[in-house]
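Data first, discussion second: the structure below is written as structure tokens.
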Amino acid sequence: MTTDLAIETHGLSKRFGRRMAVEDLDIAVPTGAVAGFVGPNGSGKTTTMAMLLGLVAPTAGSATVLGKPLAQPSTYLRRLGALIEYPAFYPGLSGEDNLSVLATIGGYDRAQIPVLLDQAGLGSRGGDRFGSYSLGMKQRLGVAAALLGDPELVILDEPSNGLDPVGIREMRELVREISGDGRTVFVSSHVLAELEQVCDWLVMIDGGALLFQGPADELLKRGSASIICATEQTADVQRLHQTLGASGLPATIDGRRVVVGINSSDPQIAAAEVSRAATAQGIVLTELRCERMSLEEQYLALLKGGN
């Protein structure tokens, strides 16, 4: 990633009547990042994306997209592609013909359509009617449409929403692929396990307000971690617990395992201490692994006011 910003907002807000959908939002998305936009349904993700695309006028605040002011969307819109909510195509036309219509309207080269269909995993189905597509195929065609202008920035609003596990995996792989060549991807989701696997930058909001933004690994390292140990002999569980406690390691027994809470930023150091303490007492370990808080657990902690 570079230090340039593909998206930057200052005090961005949107009110619908009495409801504040987005409130005083300051976000920054580095160029070249795969940035996850995290929040529960109704948290303001779609409204924020709609404002960035010039579809909804902000009530207050400002922003720049690809270095251009939000108030002048015509200066940057041709440099980005987007899929907001459900993709809309002509059901009676094939996937290829739908892309051809969009390319003609947008003034894009139609010769790229077969390549985009292949990239979206639809190369063998491009001639089939859009109405016959599965939900996952429709979403992937929507992503292909967003790539028609070879955009620098791609904005995807819940592209995995409603998909089955296979469709979610395919969308995850597609997001990884389109992020190549320095392209920035800003993708929203409430399925945090998916974002954890593809994103290197996170923007977390709730109620239209910012909770966290920064590198994904920075947030994951913030959370508590544990070393999980299992002994070859059941009788050694209690002995290991006592041994670790005597070594100054905070340990608890959980069934047939011993759990060691750690504060070290490097769990390998703590794991080595556990291994040495067990070996010194002749205790054979059959399991020694580190567990960190998941992205979902971190987000829930932020919602509750955690660090």
Side-chain angles (χ1 to χ4, degrees), residues 1 30 33-40 160 164-166 168-173 175-176 179 187 189-206 210-307:
M1 289 186 299
V34 181
F37 195 23
V38 180
S160 298
D164 60 20
V166 173
I168 290 174
R169 185 188 68 235
E170 291 173 344
M171 184 58 67
R172 181 173 67 233
E173 292 170 351
V175 169
R176 283 200 188 102
S179 65
V187 53
S189 182
H190 62 276
V191 183
L192 304 189
E194 286 306 305
L195 293 183
E196 190 170 358
Q197 297 184 60
V198 298
C199 295
D200 48 39
W201 189 268
L202 294 172
V203 177
M204 294 183 158
I205 66 172
D206 183 55
L210 184 69
L211 292 177
F212 169 86
Q213 70 174 339
D217 57 359
E218 176 185 308
L219 179 63
L220 290 171
K221 288 178 181 178
R222 282 189 186 184
S224 61
S226 301
I227 300 294
I228 311 298
C229 315
T231 63
E232 182 180 37
Q233 302 297 326
T234 304
D236 284 338
V237 172
Q238 185 66 41
R239 195 156 66 94
L240 178 62
H241 175 251
Q242 294 171 347
T243 297
L244 295 177
S247 301
L249 296 169
T252 59
I253 296 177
D254 181 12
R256 294 189 58 181
R257 288 179 170 82
V258 177
V259 180
V260 183
I262 61 174
N263 295 318
S264 171
S265 60
D266 187 354
Q268 291 183 338
I269 296 176
E273 292 178 10
V274 171
S275 179
R276 281 193 293 267
T279 301
Q281 296 298 317
I283 299 172
V284 178
L285 299 179
T286 59
E287 182 179 9
L288 182 63
R289 59 185 172 87
C290 177
E291 279 191 358
R292 284 195 177 275
M293 290 178 67
S294 68
L295 182 58
E296 182 174 6
E297 290 168 331
Q298 288 277 41
Y299 181 66
L300 292 175
L302 288 172
L303 287 176
K304 295 176 182 177
N307 295 324

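Note that the numbering runs from 1 along the sequence shown for the chain.
Using modelled atom types, no side-chain atom of Ser275 and backbone atom of Ala271 make a donor-acceptor pair closer than 3.5 Å.
Shown here for Val258 and Ala251, the closest heavy-atom pair between the two residues is CG1-CB, 3.8 Å. Heavy atoms only, all atoms of each residue included: Leu210 and Phe212 are closest at CD1-O, 3.5 Å. Closest approach of Ser179 to Val34, counting heavy atoms only: CB-CG2, 3.4 Å. Residue Leu244 comes nearest to Ala277 through the heavy atom pair CD2-CB, 3.9 Å, listed as atom of the first residue, atom of the second, then distance.
Rounded to the nearest 0.5 Å, atoms CD (Glu196) and CZ (Arg172) are 11.0 Å apart. With values rounded to the nearest 0.5 angstrom, Arg176 atom CZ is found 10.0 Å from Cys199 atom SG. Atoms CG and CD1, on Leu285 and Ile227 in that order, are 11.0 Å from each other to the nearest 0.5 Å. The line from CZ of Arg289 to CZ of Arg257 is 6.0 Å long, rounded to the nearest 0.5 Å. Separating the OG atom in Ser226 from the CG atom in Asp254 is a distance of 10.0 Å, to the nearest 0.5 Å. Between the CG atom of Leu240 and the OG1 atom of Thr231 there is a distance of 7.0 Å, given to the nearest 0.5 Å.
Gln238 is listed as a side-chain neighbour of Ile253, based on a closest heavy-atom distance under 4.5 Å. Counting heavy atoms from C-beta outward, Val38 and Ile205 have side chains that stay 4.5 Å or more apart. Side-chain contact between Ser189 and Phe37: absent, with no pair of heavy atoms (C-beta onward) separated by less than 4.5 Å. Residues Arg276 and Thr279 have side chains not in contact (no heavy-atom distance under 4.5 Å, counting atoms from C-beta outward). Side-chain atoms of His241 and Val237, non-hydrogen and from C-beta on, never get closer than 4.5 Å to each other.
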